[in-house]
Every structure is written in C-alpha cells, then in structure tokens.
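One structure is given here, and the rest of the page talks about it.
Note that the structure is a prediction, hence the values are computed from the model and not measured.
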Amino acid sequence: QVQLVESGGGLVQAGGSLRLSCAASGRTFSRYAMGWFRQAPGKEREFVAAISWSGGSTFYADSAKGRFTISRDNVKNTVYLQMNSLKPEDTAVYYCAAGDTRGVPTPTTRYDYWGQGTQVTVSS
C-alpha cells in the first residue's frame with residue numbers, strides 16, 4: 001500500500017508559477033512510476049506528466065510541454081510538478097498517482113494509488 005499526499009496548490013494569476021509536491025509513504029517509493037493528472041469541473045481526469053521509477057524518463061501532455069516540469073527525489077519519497085506560465089485553463093484539481101509499472105504511463109488505469117488532490121486556480 002502507498003499513501004500519497006499532495007500539497008502546493010493555490011490561487012495564482014495568469015503567468016505565475018506554482019510547485020506541487022506529492023509525498024509518498026508505505027512501500028518502496030523508488031519502484032513506482034509517478035504521474036500527475038488533473039480534473040476540471042465537468043471534465044474527465046486527464047494526464048499531465050509522468051516520470052519513470054528512476055527519474056530517467058519523463059513524458060508530458062501537449063498542454064504541459066515547455067511549461068511544466070516533473071521531477072522526483074527518491075530519498076525524500078517525493079515527486080514534484082513545477083508549473084510555470086500558468087493559464088486560466090490550467091485551473092483544476094491536480095492529483096498525483098503511483099504505478100507499479102515500467103516507463104512513463106499515461107492512462108489512469110496504469111496507476112495503482114492516488115492522492116486526494118490539490119486545487120490549482122489560475123485567475124485571468
């Protein structure tokens with residue numbers, strides 16, 4: 001079992017930055033691929049970014065490329081999402097997820113554990 005707790009969300013103006021953190025506890029964090037997803041009101045949960053267990057591979061949704069950076073610290077058992085140049089359409093609840101799998105998976109079904117989410121609101 002893995003427990004995930006996100007933090008770092010909040011209200012920011014368009015063009016601003018936020019860094020989300022996801023602290024993991026439980027089974028060995030370093031064996032899991034980690035992902036960030038988001039869900040806006042009335043929309044399905046969508047993939048944002050993923051990082052492999054070692055941190056050697058990353059993958060981003062087109063909406064995140066060039067603006068967001070995913071990273072992990074396997075000593076601190078934490079994954080991060082640095083978000084720059086934020087836009088109002090980035091407003092959503094952001095979730096981190098852990099998947100006992102190789103690579104940088106994008107489907108939600110590839111992930112086994114989920115955090116409770118953190119709200120990000122970008123004002124125009």
Side-chain angles (χ1 to χ4, degrees):
Q1 192 79 359
V2 175
Q3 293 80 40
L4 303 172
V5 179
E6 302 97 334
S7 61
L11 174 64
V12 64
Q13 289 188 332
S17 299
L18 283 174
R19 188 175 83 153
L20 305 183
S21 299
C22 175
S25 61
R27 291 188 174 178
T28 306
F29 173 73
S30 60
R31 68 180 282 179
Y32 291 93
M34 298 297 296
W36 284 98
F37 293 76
R38 67 187 184 187
Q39 189 166 17
K43 295 187 176 181
E44 292 188 352
R45 191 169 299 189
E46 65 174 7
F47 170 80
V48 175
I51 188 166
S52 62
W53 66 271
S54 67
S57 297
T58 58
F59 188 76
Y60 297 90
D62 287 344
S63 59
K65 285 179 184 175
R67 299 188 301 127
F68 295 1
T69 302
I70 188 171
S71 62
R72 67 189 297 161
D73 185 331
N74 285 348
V75 174
K76 295 182 178 180
N77 287 0
T78 302
V79 63
Y80 305 96
L81 185 68
Q82 177 67 45
M83 304 187 295
N84 299 326
S85 302
L86 283 161
K87 305 174 182 179
E89 50 264 44
D90 294 318
T91 296
V93 177
Y94 283 71
Y95 299 89
C96 73
D100 190 3
T101 184
R102 292 178 178 268
V104 283
T106 61
T108 58
T109 54
R110 294 283 302 277
Y111 290 86
D112 304 295
Y113 304 100
W114 293 82
Q116 83 290 347
T118 185
Q119 177 70 47
V120 171
T121 304
V122 184
S123 62
S124 58

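Distance CE/Met83 to CZ/Arg38: 8.5 Å, rounded to 0.5 Å. To the nearest 0.5 angstrom, Asn77 atom CG is 8.0 Å from Ser25 atom OG. Here the CG-CE distance, from Asn74 to Met34, works out to 9.5 Å after rounding to the nearest 0.5 Å. Here the OH-OH distance, from Tyr113 to Tyr32, works out to 4.5 Å after rounding to the nearest 0.5 Å. Atom CZ of residue Phe59 and atom CD1 of residue Ile51 lie 14.0 Å apart, to the nearest 0.5 angstrom. Atom OG1 of Thr69 and atom CG of Asn84 lie 6.5 Å apart (nearest 0.5 Å).
No side-chain N or O of Ser123 forms a donor-acceptor pair with one of Gln13 less than 3.5 Å apart. No hydrogens or angles considered: a donor-acceptor pair under 3.5 Å links the side chains of Thr101 and Arg110.
No donor-acceptor pair closer than 3.5 Å links the side chain of Arg19 to the backbone N or O of Gln82. A side-chain donor-acceptor contact under 3.5 Å links Ser52 to the backbone of Ser57. Proximity of a side-chain donor or acceptor of Thr28 to a complementary backbone N or O of Ser30 within less than 3.5 Å is not detected. In this structure, the side chain of Thr91 does not engage the main chain of Thr121 through any donor-acceptor pair within 3.5 Å.
Hydrophobic clustering (side-chain heavy atoms under 4.5 Å, transitive across Ile, Leu, Val, Met, Phe, Trp, Tyr) groups Ile70 together with Val120. By the rule that hydrophobic residues join a cluster once side-chain heavy atoms approach within less than 4.5 Å of another member, Tyr80 and Trp53 end up as members of separate clusters. By the criterion of side-chain heavy atoms lying less than 4.5 angstrom apart, applied directly or through intervening Ile, Leu, Val, Met, Phe, Trp or Tyr residues, Phe68 is grouped together with Val122 in one hydrophobic cluster. Val48 and Val12 end up in the same hydrophobic cluster when Ile, Leu, Val, Met, Phe, Trp and Tyr side chains are linked at under 4.5 Å.
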Inset, instruction - Run the numbers on Gln116 and Glu6 for side chain to side chain contact (heavy atoms under 4.5 Å, CB included), then give the verdict. - result: CA-CA 7 Å; Gln116 83 290 347; Glu6 302 97 334; 2.9 Å; yes
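The existence of a salt bridge linking Lys87 and Asp90 is excluded, since no basic side-chain nitrogen approaches an acidic carboxylate oxygen closer than 4.0 Å.
Arg72 has its side chain out of reach of Thr78: every pair of non-hydrogen atoms, C-beta onward, lies at least 4.5 Å apart. Side-chain contact between Cys96 and Phe37 is absent, with no heavy-atom pair separated by less than 4.5 Å. Inter-residue side-chain proximity for Val2 and Asp112 is flagged as unmet; no heavy-atom pair is nearer than 4.5 Å. For the pair Glu46 and Gln39, the minimum side-chain heavy-atom distance is 4.5 Å or more. No side-chain heavy atom of Leu4 sits less than 4.5 Å from a side-chain heavy atom of Tyr95. Looking only at side-chain heavy atoms (C-beta outward), Leu81 and Tyr94 come within less than 4.5 Å of each other.
Aromatic ring centres of Phe47 and Tyr60: separated by at least 6.0 Å.
When all heavy atoms of Pro105 and Ala50 are compared, the pair lying nearest together is O-CB, 3.5 Å. When all heavy atoms of Tyr111 and Gly99 are compared, the pair lying nearest together is CD2-N, 3.6 Å. Ala14 and Pro88 make their closest contact through CB-CD, 4.1 Å (heavy atoms, listed as atom of the first residue, atom of the second, distance).
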